[in-house]
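Quick notes on the structure that follows.
All ligand and atom numbering here is 1-based and tracks the order in the structure.
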Amino acid sequence: MSTPARAWHAELAWLPGSGVRPDVLIEASGDRFTAVTPDVPAADVPDGLRAGLVRLPGLTLPGLANAHSHAFHRALRGATQVGLGTFWTWRERMYQVASGLDPDSYLALARAVYAEMALAGVTCVGEFHYLHHQPGGVPFQDPNEMSRALIEAAAQAGIRITLLDTCYLAGGLGADGAPLPLEGTQLRFGDGDGEAWAARAERLGADEHGLLGPLARVGAAIHSVRAVPLGQMHPVVAWAQRYGAPLHAHVSEQRAENEACLAAYRRTPTEVLYDAGVLGPRATAVHATHLVGRDVDLLGGSRTYACLCPTTEADLADGIGPARELAGAGCPLTLGSDSQAVIDLFEEARRVELGERLATGQRGHFRAGELARAATTDGHASLGWPDAGEIAAGAIADLVTVGLDSPRLAGATRTTALASVVFAASAADVRNVVVGGRDLVADGRHLLIDDVPGALAAAIRPLLGN
Ligand SMILES: [Zn+2]
């Protein structure tokens, strides 16, 4: 795809190594930044760049990476908050929605959800995808039809996607370590065994670098130690290795998972994943909420990413994970909207610090810059886009601009702008989004999809059946 040379003038921009700088002239050619120059007042922009120059009032950040998403859970927002309910009533409702989706309805839903993400400043999504087959587990004619619907949805919404093709084989772990069979809606998730999963994933047709298109790449996922027996993990690990692809897994989200895993294997979920060769610098442990000291050492020592999803972890009453310990041990942190309880990476970012404060009774665990890094640089790297997530010459040209003139942010200065955005912005404060050198959101309006709320409502209402 060829995009002509472009230039933007940011009132303030957060730049790697030098923090928030004023009057930043940002130039791009094709999908890459070619020059980033701070301290260029608008009046001094060279004549050759004035035509088509886009002014960006507010604070400009690199594109945000949503490192953990299940797009279809967006249909549950609100529906699972009516009345009281438990984790299990939430899961029942989630299965109901999953049972009603086909490639067309999932394309419509995911397109609208990814457009909502774009409006929130998300330029790259890691889609942890396990709804592979028809009801009863019968493959579609193209067994990757649901995956292709998601890739198409991201393309239509204008954002990058890493399709984390998820292996999901069992309905849980029996006390003797034997996997429980899939039941009901879960049958749609299963490929039979690890080798069959790898054979289907191979048919996605990624190139040798794992790319499926200019804005799409593959990754792999092991749903959890509950859903993939230890003996079936190897084909997933080997497939990810061959493509140099990201490899994600849910880890210790609920205490019950730890108990079942200890009973079955006499090891924690983290130990099982370590022994299976899953952990490492291309791997991400999602949640990592209920860990023991040795788990933290294994995750940190292997440089595994830890993806925190604090709004979901609060919504599902999972708990507060040891974010500071994980970061201190060597895990880069990333953020995800997971169940889409809300789609707002500023909210996810600040909750990492605020959760730590509530858990410890002390303030001051993460600086705003560390939280912003989780939402940008490290999030992209964990999804296989190490050259995105920074505003620097040579990097992929993705930008997000947050207006500082809303009631929430008015009064922010250059010194406080980044902390104000991380600790007080909402997704609604995002004004402009650029993906691969092209404008995607301008003045809060999605340029490819006119009516995002209308698209969401039209996709969701039929799925709720009332
Ligand atoms: Zn998840």
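Checked for salt-bridge contact, Arg203 and Asp142 miss the test: no charged N lies under 4.0 Å from a carboxylate O. Looking at Glu356 and Arg363, no side-chain N of the basic residue comes within less than 4.0 Å of a carboxylate O on the acidic one, giving no salt bridge. A salt bridge is absent between Glu259 and Arg255: the closest approach of a Lys/Arg side-chain nitrogen to an acidic carboxylate oxygen does not fall below 4.0 angstrom. Taking a cutoff of 4.0 Å between a charged side-chain nitrogen and a carboxylate oxygen, Arg242 and Glu202 qualify as a salt bridge.
The minimum heavy-atom distance linking Thr312 with Asp318 is given by the pair O-OD2, 4.2 Å.
Within the protein, the N, O or S atoms sitting under 2.8 Å from the Zn ion (ligand 1) are His68 NE2, His70 NE2, His250 NE2, Asp338 OD1.
Annotation: salt bridge (charged side-chain N to carboxylate O under 4.0 Å, His left out) contacts involving residues 66-84, sequence neighbours excluded, comprise Arg74-Glu116, Arg77-Glu116.
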